[in-house]
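Reading through the structure tokens given below for one structure.
As the structure is a prediction and not an experimental result, all values here were calculated from the model. Letters go in sequence order (proteins before strands), and every chain restarts at 1. These numbers come from the heavy atoms of this one structure, side chains and all, not from hydrogens, waters or symmetry mates.
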Number of protein chains: 2
Amino acid sequence: MTTGKGRKDLPTMMDVARTAGVSKSTVSRAFTQPGMLGAETVARILEIASSIGYVPNHTARALSTGRYGNVALVVPDVANPFFPPLIRAAQMEADRSDFCVFLGNSDESWRQEDKLVDRFLSQVEGLVLCASRLTDERIRAHALKRPLVLVNRDVPGIPRVLIDSAIGVHEAIAHLAELGHKHIVYVSGPASSWSNQQRRAAVRLGARQHRLDVSIVAARVPSYESGRAVVPDILATGATAAIAFDDLTAQGIMTGLADRGVSVPADFSVVGCDDVLGAATYPSLTTVSNRSDETGRAAMSLLLDMLGSRAVGDARVTLDTYLVVRNTTAPPPATRS
Amino acid sequence: MTTGKGRKDLPTMMDVARTAGVSKSTVSRAFTQPGMLGAETVARILEIASSIGYVPNHTARALSTGRYGNVALVVPDVANPFFPPLIRAAQMEADRSDFCVFLGNSDESWRQEDKLVDRFLSQVEGLVLCASRLTDERIRAHALKRPLVLVNRDVPGIPRVLIDSAIGVHEAIAHLAELGHKHIVYVSGPASSWSNQQRRAAVRLGARQHRLDVSIVAARVPSYESGRAVVPDILATGATAAIAFDDLTAQGIMTGLADRGVSVPADFSVVGCDDVLGAATYPSLTTVSNRSDETGRAAMSLLLDMLGSRAVGDARVTLDTYLVVRNTTAPPPATRS
DNA sequence: GATTGACGTGCAACCGGTTGCATTCGATAG
DNA sequence: CTATCGAATGCAACCGGTTGCACGTCAATC
């Protein structure tokens, strides 16, 4: 009655061999090098195998060949909407090559991440670390043991895939400048984030080129709440438009503005980053889109290339971003009428 | 220069044994049954081990013990916002017991799901299948080989964790009735979905109890777009409030209503399901919340219990839902002064 | 002083595959 | 008729651990 247990006794290669009247080796070869065997032998073995529900044991195979057929993917927070599309794409890419993927959630902690990597090391052929919290040193140490690909983390010598926000941010600034804005504000994310640093720099540069004033307001963590919380600071700058570190922050800002009777985009323009919300906000959010799915796919693909012994050298893939104009940007109030 | 390769040669147990001047077995025991060895022997071995960077090989251990230390988690779509919190919670729960988790994305296809399960079988101790697309028969077959827990899928005899929307939906209806609504509409999701069937039934029952008229409008797939698309149908029913299959659909409906100049909640009330958007919409969405994270935790916990040989019998865990009132519900226009 | 037992450790088989090498056998060549 | 060769298959070692059992040592017991 109990449903527990029932494990272990999966049929083994010996079971197949015995009922087929051949040796273990032959069964093995029937699966791995059918060409080496007689055609009808192979057919018979496969037939028997599937009839008794035999599936080669991944673990045993891995032990003897060293080819685990597994890879690991580690992210800081599965629930952060930026990651699911990335995870999904990486997943499917690995699947195309019949790899199984371990998922690790570092919970924003380098200790946890280090623990996970160690746990994974002995059963994967390679790993992808997203926005890793580890030190360069630890990353290099791990990369010595197994092929490693980084996402949004730039460590020279380690293959990495980076989302280059510069282009999209420049487009956003050009867009705002064209609408007539003269003073904008960048609402920054975590100081330690590579992406944040890059975006802030891009805003500064872009603003200079378009002769816009730029203020910086710090939202400690990237979230809806913190976006909502910094609205007073934003309004205090006198700016007429904001570029937020990410969409969640932008959305919080929109709510905060609405609470104060500031209408978007009539009175104030808002631009997000990451495009994780699609057109789902109201008004729908103008944002810098970055194809996080493509990022995941590229990283996994790069890793698989390394596993295929195709040397990738000091790969540094960057992915472009682009502005998606929706309905939260408009000319500043002063320009009207 | 190339960063590829560098795999394999992780230090082995023999390496440690050799430099420690002991046998393989002793090293093994130093890790698994330290109490059986001399205290200083253990200390020395562990010291040497960490100094040469030795970590026990998960795969080899699994092969000889049959305890893989891995579990698999399969979902139809990682990118569906309902799943990430669930995945995250299941992840962390497994981690507490030092289990690694494989993530599988069935891509809404039973073939893909079946393939993944077979791939996982030989390297996991058990698996959690979320909203499985497999037939009862296949599920039972797999459950024979490895402990299996289902989420939002009700197969008698197989342990399962189900989100019971009934309570939350009833609360929602009571809430709408109290506000003075007389005619509501349920915007349904996929016909094949267990959750959808349950929610629709709950709406029907609740409406009867509160003597409300209820119409059903079908949104084929649960998405922002389809929600937006069915707005004309919704308005055609003459209802003054809608309960949507999920939050994405609800959000699409809100946008569709706004496009037509129908103001929420002044002219029309909207209630979502799943609470995946938090308070991030504007106006913030009243919704039936369901703690998908707790669902993931419970399912993984149940699986681990089974692995611990604690028989769980024909477990059928149901999780309650509850209404979260935010700003998309208000009295119907007619009721107002 | 011999017996007993606890303790610490080594030996070797085993988990379920893979693979280099040896073996068998029929066919073709000489 | 025999030497040769290639195709098909078996043997056994190995991957890196785990674990039942045997062995040796030393102290407590009679």
Is there a side-chain contact between A/V117 and A/L129 (heavy atoms, below 4.5 Å)? yes
I'd like to check the ring pair (Phe, Tyr, Trp, His ring centres under 6.0 Å) partners of A/F99; sequence neighbours left out, ordered by chain and number. none
Students often get this wrong, so: under 4.0 angstrom with heavy atoms, is [X] touching a base, only sugar-phosphate, or nothing?
| X | answer |
| --- | --- |
| B/T59 | nothing |
| B/T12 | sugar-phosphate |
| A/S122 | nothing |

Write down the distance between OH (B/Y68) and P (D/dG16), rounded to a whole number of angstrom. 18 Å
Rounded to whole angstrom units, what separation is found between the CD atom of B/Q33 and the C1' atom of C/dC7?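 In whole Å, C/dC7 C1' lies 14 Å from B/Q33 CD.
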Would you please indicate if the ring centroids of B/F120 and B/Y68 are separated by under 6.0 Å? no
Residues forming a side-chain hydrogen bond (donor to acceptor under 3.5 Å, both in side chains) with [X], sequence neighbours excluded:
| X | answer |
| --- | --- |
| B/Q123 | A/H58, A/N70 |
| A/R160 | A/D154, A/D314 |
| A/S301 | none |
| B/T59 | none |

Atom pairs under 3.5 Å: protein N/O with N/O of nucleotides 7-15 of chain D:
residue, atom, partner, partner atom, Å
D/dT9, OP1, A/T41, OG1, 2.7
D/dT9, OP2, A/G38, N, 2.9
D/dT9, OP2, A/T41, OG1, 3.4
D/dG10, OP2, A/S23, N, 3.0
D/dG10, OP2, A/S23, OG, 3.0
D/dG10, OP2, A/T26, OG1, 2.3
D/dG10, N7, A/R29, NH2, 3.1
D/dG10, O6, A/R29, NH2, 2.7
D/dC11, N4, A/S25, OG, 2.8
D/dA12, N6, A/S25, OG, 3.3
D/dC15, O2, A/S64, N, 3.2

Among all residues two or more places apart in sequence or in another chain, which pass the side-chain contact (heavy atoms from CB on, under 4.5 Å) test with A/T318?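 Here the qualifying residues are A/L162, A/D164, A/R316.
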Run the side-chain donor-acceptor check on residues 34-52 of chain A: report pairs under 3.5 Å with partners two or more places apart or on a different chain.
residue, atom, partner, partner atom, Å
A/R44, NH1, A/A20, O, 2.6
A/S50, OG, A/E47, O, 3.4
A/S51, OG, A/I48, O, 2.8

So for the helix from C/dG1-D/dC30 to C/dA27-D/dT4, with five pairs setting each end axis, what is the inter-axis angle to 10°? 60°
Is there any salt bridge (charged side-chain N to carboxylate O under 4.0 Å, His left out) pair reaching into residues 128-138 of chain B, and which pairs are they, with sequence neighbours excluded? B/E108-B/R133, B/D114-B/R138, B/D136-B/R153
If you look only at distance, which donor and acceptor atoms sit under 3.5 Å apart when one is on a side chain in residues 82-95 of chain B and the other is two or more places apart or in another chain?
residue, atom, partner, partner atom, Å
B/R88, NE, A/D77, OD1, 2.8
B/R88, NH2, A/D107, OD1, 2.6
B/Q91, NE2, A/L103, O, 2.2
B/E93, OE1, B/R96, NE, 3.4
B/D95, OD1, A/R119, NH2, 3.0
B/D95, OD2, A/Q112, NE2, 3.1
B/D95, OD2, A/K115, NZ, 3.3

Which residues in residues 45-58 of chain B have a heavy atom closer than 4.0 Å to any atom of DNA chain C?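 Listed by number, there are none.
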